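To keep things clear, I will list the structure first and then write my remarks on it.
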Amino acid sequence: MAPIISHNASQRDAMPIMANPGDFDKRSGNLIERLVFNNRVLLVTFCLTLTVVLGWFATRLQVTASFEDMMPQSQEFVQNYKAHSASLGGLGNSVRIVVTNTKGDIYDPKYLETLKQINDKVYLIQGVDRAFMKSLWMPVVRWTDIVAEGYQGGPVMPDGFTGSSENIDLMRRNVARSGIVGSLVSTDHHSSMLFVPLVEKGAATGKTIDYKAFRDQLESLRSFEKDGVEIHIIGFAKLVGDLIHGVGEVLTYFLYAAIIAVLIILAYTRCWRSTLLVTGCSLVAVLWQMGLMQLLGFSLDPYSILVPFLIFAIGVSHGAQKMNGIMQDIGRGTHKYVAARYTFRRLFLAGLTALLADAVGFAVLALIDIPVIRGLAFAASIGVAVLIFTNLILIPVLLSFSGVSKGGAAYSIRSLQGVHPFVNWLSRFSERRRAAGVIAVTVVLGAAGAALSLQLKIGDLDPGAPELWPNSVYNLDNAYITKHYQLSSDQFAVIVSTPPDGLVNYETMLEMDRLEQRLRDLPGVQTTTSVASLARRFTSAGFEGSPKWETINRDPFVVQDAMSIVNNSSPELFNDGRSVAPIIVYLTDHKATTLTRVVKTVEDFAREHNTEDRKFLLAAGNSGIEAATNIAVERANRTMLLYVYASVVLLCFITFRSWRAVIVAVVPLVVTSVLCEALMVLLGIGIKVATLPVAALGVGIGVDYSLYLLTTHLVFQRQGASVRDAYINALTSTGKVVALIGVTLSAAVITWAGSPIKFQADMGILLAFMFLLNMVGALVLVPSLAAFLLPSKGVVGAVEKDAFAIDTSPDELPGLLRRVKI
């Protein structure tokens, strides 16, 4: 999309109408134009070959995901986690599988046999960290009991289990003695859990988990439901697998977007030929983008999967401008080849600037140190680079061959005759009296939006997985597990780091126990566990269960004995070197307020109690990683907006060379950003990885409207038109397509609202809101601001429209725009 500068009566000397292309001097124009149009056939052949090659590579592009890619890599918590991850088995990426007996309790031989089959199948899945996997059938799940000699223990599942009544009774006693009710066994004893930690990369292959394949293997467990059980599965791998699985359905929205774009463009042009050519070139751009991503080693993920949709919509919008300019020239009798070259001259520089503005909105996302966000930025940047070629070069070349229909060309000329009533109504906003009212309303709306946006939260605001809808299978499974188990799946882990064997130190164990007590007192914390709190119980067990010994002992040999018992039942609670141990905090939810409360408590405690030999570090566990992500997102949000606005201001200043014009162009964007944040508050959407890119994309693409409209507006003012007359002429040419583009972009992204993936639906709603509001701002607020900031220095009067035509040659137009000074 780029401004359309019409060349009519007063312009014909500069750009003569040529019905015969033989009269056209092919040596005219700049070097780029000559290279493009004097080698049209070669260029089209090259593009056709490239489309076939990149199309083949595009078919090999994969949709993947990674647990580590969701982490802010340079964030302190993540650095701590990665440095100690080898010693924190089960406190990173994990899955929980609950098997429910629909006909009774877990003490049923048939149920236990089915559970054993499920356990064995899960145990063999590629990527499972088998050393830390837990279930009733895993020997690491043990019971302990106090006897006269001290204590005794063993696996919860009796050795040589046959399903006899004696075995069942013994197992029932073992469950009661093991303390796993509420964690691995439900409180009503009708279900049990398989806790399945995962290894992100295989030790032998070095390859990351294929989450789609892993999810499919988990889903295959539902085949056991015919045996009288129900399966409930939650965890990051299952969630990402569901997101990837939902991509197939999301692709249908690409079809909807394409159909909507075709219908809107067709309604505007009344020309099937040019409409299909423009949308076809946009599809080619998407194909090139995906092929180049595969060649460069990138992949799509559930977050960047929407980028091709945006590239297609932007491509259609920019293509509409080229098509519109060529249609007007052909309607005046110019040959299609000459019309294509004229349009290329007029619009190449402005179109390039507009696409660079789009690129800024994408590229600034690469500054955020979260790999999935950077992946989105790189994917979009590749797409914009492709659009620079397909839209600015390929579309004019193809239109030089195909031309447009006579009906479409005639319709485009008729649409320029006279002043449309709607255009006349919009022009009133350039009058100071009405402009003052618009500005006053904008100030009120901006202030109200700013006040409401102060309530905007960071992170997830809903239980379960907010990436999916509340009625999704995943969230229903999560609700079931939360209801029937006392220990939440939201785990926050504090990492205690000491020198080798430092955990045996009395002071270290005592400080760990003190921190646990502080954390248990916090709202939102269910309970805590660590080697320190368990050592109390096992120390007592070694002394006939006497409550006097239920303490942390000063004798290192007593502590060693207690830790040995802990290691038998919970090996994940400290490493072999006894130098790293987690304090695991079970949370009622993973809302930002809960996580912030825990983080502050631990940081305050660490400042007071950290020493050279003992450090309390944040953080591990799924909620610990989420807390780190929330902190990174909060910092990146304002930084990202600062960079994107600084870039947009710079681009606008280079284009207009006027600080007043920059203010006119940027103020509508600022108001839209503020109101978008207010809308997020009203819709209950927090700022997180999924929604963080919205603001940058909305600003980067939204500035196009003001850029195109103001470029044309200032040219007419430079020729002596009043603000109102210049705006009318800008609306008649560029303004109509600005409205068309706003509607097209919004209609394309609003289709995401029906996505089975909730965060994609949220992005669609927010982007549609920003695209529409930016369009309204360009059409209403820009002329209102211009009335005060861009007063005309020329002669104001009722002059015919042709008097405001640009009386300059195409080659002189860029220089003219640079000379505009208000």
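Because the structure is a prediction, the values reported are computed rather than measured.
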**Study point:** L50 side, atom CG; L287 side, atom CG - distance, nearest 0.5 Å
**Key:** 9.5 Å

**Study point:** Nearest heavy atoms of L387 and A285, plus distance in Å
**Key:** CD2-CB, 3.7 Å

**Study point:** Sidechain N-carboxylate O distance under 4.0 Å for R638, E677
**Key:** yes

**Study point:** Distance in Å, L394 CG paired with L48 CG, rounded so as to fall on 0.5 Å steps
**Key:** 10.5 Å

Review point. Should I382 and L296 be marked as a side-chain contact (heavy atoms from CB on, under 4.5 Å) after you check the CA-CA gap, both sets of side-chain angles, and the distance that decides it?
Key: CA-CA 10 Å; I382 292 172; L296 295 173; 3.8 Å; yes

**Study point:** Minimum heavy-atom distance between I233 and Y474, given as atom pair plus value
**Key:** O-CD1, 4.0 Å

Point to revise | Salt bridge K688-E626, side-chain N to carboxylate O under 4.0 Å | key: no

Exercise for review: Hey, could you give me the CE/OG distance between M290 and S299, rounded to the nearest 0.5 Å?
Suggested key: 11.5 Å

Exercise for review: Could you tell me whether the side chain of S673 and the main chain of L669 form a donor-acceptor pair under 3.5 Å?
Suggested key: yes

Practice item. Would you check if the distance from the ring center of F236 to the ring center of Y211 is below 6.0 Å? Key: yes

Check your understanding: Do the side chain of S282 and the main chain of V316 share a donor and acceptor less than 3.5 angstrom apart?
Key -> yes

Review point. Are K238 and D477 close enough for a salt bridge, meaning some N to O gap below 4.0 Å?
Key: no

Check your understanding: Can V95 and L218 be said to form a side-chain contact (heavy atoms from CB on, under 4.5 Å), step by step?
Key -> CA-CA 10 Å; V95 168; L218 292 180; 4.2 Å; yes

Check your understanding: Which heavy atom in Y727 sits nearest to a heavy atom in L426, and how many Å separate them?
Key -> CE2-O, 3.5 Å

Exercise for review: Determine the minimum heavy-atom distance between C47 and F389, stating which atoms define it.
Suggested key: SG-CE2, 3.4 Å

Review point. Which heavy atom of A665 sits nearest a heavy atom of P668, and at what distance?
Key: O-CD, 3.6 Å

Practice item. I would like to know whether L292 and F57 meet side-chain contact (heavy atoms from CB on, under 4.5 Å); could you show each step before the answer? Key: CA-CA 8 Å; L292 287 171; F57 280 105; over 6 Å; no

Exercise for review: Give a yes or no on whether the backbone of A678 and the side-chain of S453 come within a donor-acceptor separation of less than 3.5 Å.
Suggested key: no

Review point. Near E634 CD, under 6.0 Å, is it more than 12 heavy atoms from other residues, nucleotides or ligands?
Key: no

**Study point:** CG-OG distance between N774 and S746, expressed to the nearest 0.5 angstrom
**Key:** 9.0 Å

Exercise for review: Could you check W288 against T51 for side-chain hydrogen bond (donor to acceptor under 3.5 Å, both in side chains), going step by step and ending with a plain yes or no?
Suggested key: CA-CA 7 Å; W288 287 13; T51 300; 3.0 Å; yes

Point to revise | Minimum heavy-atom distance L679-F769, with the two atoms named | key: CD2-CG, 3.6 Å

Exercise for review: Count the heavy atoms of every other residue, nucleotide or ligand shown that sit under 6.0 Å from NZ of K212, and state whether that count exceeds 12.
Suggested key: no

Check your understanding: When rounded to the nearest 0.5 angstrom, what distance separates CG in L276 from SG in C281?
Key -> 11.0 Å

Check your understanding: More than 12 foreign heavy atoms under 6.0 Å from OH of Y643: is that the case here?
Key -> no

Review point. Does the pair D216/R222 count as a salt bridge with the N-to-O cut at 4.0 Å?
Key: no

**Study point:** I685 vs K457, side-chain contact (heavy atoms from CB on, under 4.5 Å): CA-CA, chis, key distance, verdict
**Key:** CA-CA 8 Å; I685 301 173; K457 304 296 184 183; over 6 Å; no

